[in-house]
Structures are given as C-alpha cells and as structure tokens.
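Hydrogens, waters and symmetry mates are skipped; everything else that's a heavy atom, side chains included, is used. Since the structure is predicted, the reported quantities are computational estimates derived from the model, not experimental observations.
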Amino acid sequence: RHPLATFFHLFFRVSAIVTYLFCDWFSNSFVACFVTILLLLSFDFWSVKNVTGRLLVGLRWWNQIDEDGKSHWVFEAKRVPTVAASTEAEAQIFWLGLIICPVIWTMFFFSTLFSLKLKWLALVIAGISLQTANLYGYIHCKLGGQKTISRVTSRLFGTTDVPKRQSRISEDGTEEHGKTGTR
C-alpha cells in the first residue's frame, strides 16, 4: 500500500552503504565522499523516524525537552492493527532494513579499525549511531506499554530504578508511551 515509503526506507540506507563501499572508485576526494555519505545517513534517519515508521508499521518516537530541561522520550503506537495501515511484507521490509543495516555498519567499524583506515572511523560511528538510534526507538515503540521493558533494562544495566513509563491516548486514536529521564 505504500510503495514509495518502502522504496525510500531502503533507498537512503542502501545508498549510504553502496557509496561507502565504492566511493573511492568515483571520487578521490575524501571530503566529498564523507559529506555525501553523511547526508545519505541523515536523510535516512529523518525519513525512517518521521515517515516510513509511521506509514509502514504505525510506530513513531521522539524526544521532548520540557521547561525544566528534562528529556522526555515519547513512543507512539497506533491502536489499530498495523496490517490495516500496511501490508505484512512492508512491515517485514521495514524491520529487516532497520536491523540489518546497523549490523553492516558495525562490520564496517571493525574492518575500518583493523585496516587502520582511521579517517573513515568518524563516519562509520555516525552511521552506527544514527541507525542504532532509530532501531532503539522503534523497539521501544513496538514493546510500548509492556512491563517487560523495565525488567529487561533493569537486568541489563543492573539497576532497579528504571524511570516509570507514561501512557496516554492522543486524539487521533494512537497510544503514546513515554519514558521520563534526564539528559
């Protein structure tokens, strides 16, 4: 139902990876390659966070800073089944792209580190950061109001003081889950 969103969900991700792999063939300028790949990663981050996640799986996340300077993460999931908003194939493409690309950038990190091409390290870390941030946000959206998130994160980090989740229903029928924490 959303072929254009599905295309752009993968286009910027795959373009950034292909450009990283073959940039030396087309240009001798490190700066031009760096900026091109960084722009593709940024376009990917924005489009996945703001458009394709909402259209393909009915999920959205964002961060708000209140007047006191506290950071509030808000995770939103549509109450209607996501199959009504998109097809199962689109959802699978969304999740596969969301999971596989950070793994590829992590492999690039180790290959860059072991081959001592340290000038590319900042770019690879930016790729990992942007793609992992989207993955983290959408995993929290998917698991939303379940109490297991608190238990998993408390076991993972060894703390029992995990911020409480907030949940509210917005006017358009979506359920919002927020985690309050400080920056």
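Each of I128, V124, I125 was checked for a side chain to side chain contact (heavy atoms under 4.5 Å, CB included) with F108, and the lone residue meeting it is V124.
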- Let me see the working for L123 and L38 under side-chain contact (heavy atoms from CB on, under 4.5 Å), right down to the final yes or no. CA-CA 7 Å; L123 180 67; L38 196 57; 4.2 Å; yes

- Message: With side-chain contact (heavy atoms from CB on, under 4.5 Å) as the criterion, how do T52 and T6 come out once you've worked through the C-alpha distance, each side chain's angles and the decisive distance to 0.1 Å?
- Response: CA-CA 7 Å; T52 63; T6 306; over 6 Å; no

- Passes side-chain contact (heavy atoms from CB on, under 4.5 Å), W61 versus Y136? Steps please. CA-CA 10 Å; W61 65 272; Y136 174 81; over 6 Å; no

- Message: Please evaluate residues W105 and I17 with respect to the criterion side-chain contact (heavy atoms from CB on, under 4.5 Å), reporting the C-alpha separation (whole Å), side-chain torsions for both, the decisive distance (0.1 Å), and the verdict.
- Response: CA-CA 8 Å; W105 282 103; I17 291 170; 3.7 Å; yes

- Task: Start with the C-alpha gap between F22 and W25, add the side-chain angles, then the distance that decides, and say whether ring pair (Phe, Tyr, Trp, His ring centres under 6.0 Å) holds.
- Result: CA-CA 5 Å; F22 300 113; W25 289 7; 4.9 Å; yes

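L116 and L113 fall into different hydrophobic clusters, where Ile, Leu, Val, Met, Phe, Trp and Tyr residues are linked whenever their side-chain heavy atoms come under 4.5 Å apart, directly or through other members. Note: the hydrophobic cluster containing L98 does not contain V103 (ILVMFWY, side chain heavy atoms under 4.5 Å, direct or indirect links).
Looking at every heavy atom in both residues, S27 comes nearest to S29 through OG-N, 3.1 Å. Residues R13 and Q131 share a closest heavy-atom pair of NH1-OE1, 3.1 Å. The heavy-atom pair separating F94 from H9 by the smallest distance is O-NE2, 3.1 Å. Between Y138 and R60, the shortest heavy-atom distance links the atoms CE2-N, 4.2 Å. Taking each heavy atom of A16 and L41 in turn, the nearest pair found is CB-CD2, 3.9 Å.
Residue F34 places its CZ atom among more than 12 non-hydrogen atoms of other residues, nucleotides or ligands, all under 6.0 Å distant. Atom CG of N28 has 12 or fewer neighbouring heavy atoms from other residues, nucleotides or ligands inside a 6.0 Å radius.
With values rounded to the nearest 0.5 angstrom, F12 atom CZ is found 13.5 Å from C101 atom SG. With rounding to the nearest 0.5 Å, the separation of CD1 in I139 from NZ in K142 is 11.0 Å. The distance from atom OG of S15 to atom CG of L39, rounded to the nearest 0.5 Å, is 12.5 Å.
Using modelled atom types and a 3.5 Å distance limit, the side chains of T36 and Y20 yield no donor-acceptor pair. Side-chain atoms of N63 and H72 include no donor-acceptor pair closer than 3.5 Å.
The side-chain heavy atoms of F30 and K119, taken from C-beta on, include a pair separated by under 4.5 Å. V74 is listed as a side-chain neighbour of Q64, based on a closest heavy-atom distance under 4.5 Å. Looking at D44 and L130, their side chains never come closer than 4.5 Å, going by heavy atoms from C-beta outward. Side-chain contact check for L135 versus I99: some heavy-atom pair is nearer than 4.5 Å. Taking the side chain as every heavy atom from C-beta outward, T87 and H2 never approach each other to under 4.5 Å. Contact of the W120 side chain with the I37 side chain is registered, since non-hydrogen atoms from C-beta on lie closer than 4.5 Å. Contact annotation: the side chain of F75 never approaches that of L59 to less than 4.5 Å [non-hydrogen atoms, C-beta and beyond].
In this structure, F7 and F11 have parallel ring planes: the angle between them is below the 30° cut-off, well short of the 60° mark.
A donor-acceptor pair under 3.5 Å links the side-chain atoms of D66 to the main chain of D68, judged by distance alone. Without hydrogens or angle criteria, T132 side chain to S129 main chain gives no donor-acceptor distance under 3.5 Å.
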